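Just below is one structure, and these are the notes that go with it.
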Amino acid sequence: MDNVTPLGGDVYEIDTRMAGYSGITAGYLILGDRPCLVETGTSTSAPVVRDALASLGVGPDDLATVVVTHIHLDHAGGVGDIAGYFPSAEIVVHEKGARHLADPTRLMASAKMVWGGRLDTLFGTLAPTDASRIRALGDVGSVDLGNGRTLASHYSPGHAKHHVGLLDSLTGDLYVGDAAGVYLPETGDLRPASPPPDFDLEVALRSIGLFESLGPQRLLFSHYGPVDDVPATLERSAEELRVWVDLTKQARSEGLDLDHAVAMVRDRTRERYLALQSDPATVERFELLSGAESNVGGIMHWLDRAGS
Ligand SMILES: [Zn+2]
């Protein structure tokens, strides 16, 4: 299928086609004795993912595990649907996210407040998953991939309080979710992902430091794809966060309201990203994943909480 890309080591990147866009949301299948899907994409992505898995020979009873880096709807919105398609699969998620997959009512209500009328077209509806099928992860955990291969989970908050990174014992691949920001393969741009309500700079930087200390061979971004140059990329992730936080602090100290702060930070960071000098469609995709409004809003929210 044209939305499946082999990455070596029995790992396949699946374009989950959020809201019909290509190249913005990736799921990954680790194919082995115990096939494991990392990230489901949105609810409306679920049939796309099911068909991609079928094309790789993974039928309804073959998927052993579904693991999500965190429960934001572009990563986990399809969990309930995928759990339905693959009745043998165990659903693995950090303990701070587990109850929201079993009962998505509150998660969907807060998403509705953020996205309003765009919620349905962008994400669809997260369906509940039977709690008996959900396994909650603590600070560290492990997923059995078969044949002695494991996926080790490492709690990595900062972007979201229910975020984990996942390290493949065979390949050294690290699934970074959104904790290292948003990477755009076409341009090599990397931008932070600092949305409300959980963003916390110090916590996010510690998670990036943790990722460095794990010594991964390759980073697999949920947005979007593999990156081989690990140390430079993680360094850039930290730098991007600092730049956005510094500028947001500056806007705040000048007494700007959110709209004006967003405009200022967007303006002052524009030249950092090739994508923003690109065609309108690329700009739109970039903004959708790591919008200046969401990033600055998250940083402002954190500064308000910190009382600084
Ligand atoms: Zn995301």
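None of the values given here were measured: they were computed from a predicted structure. Indexing begins at 1, ligand by ligand and atom by atom, following the structure's order. All heavy atoms count here, side chains included; hydrogens, waters and symmetry mates do not.
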N, O or S atom of His72 closer to the Zn ion (ligand 1) than 2.8 Å = no
task = Compute the ring centroids of His94 and His154, then answer whether they are less than 6.0 Å apart.
result = no
request  = Would you mind naming the N, O or S atom of Asp178 nearest to the Zn ion (ligand 1)?
outcome  = OD2
remark   = Taken to the nearest 0.5 Å, the spacing of Asp178 CG from Ser222 OG works out to 6.0 Å
ask   = Are Tyr183 and Tyr224 close enough that their ring centers fall under 6.0 Å?
value = no
request  = With Arg285 as the cation and Tyr21 as the aromatic partner, state whether NZ or CZ is under 6.0 Å from the six-membered ring centre and within 45° of the axis.
outcome  = no
remark   = In this structure, the Zn ion (ligand 1) sits at the vertex of an angle between OD2 of Asp74 and NE2 of His75 that rounds to 10° as 100°
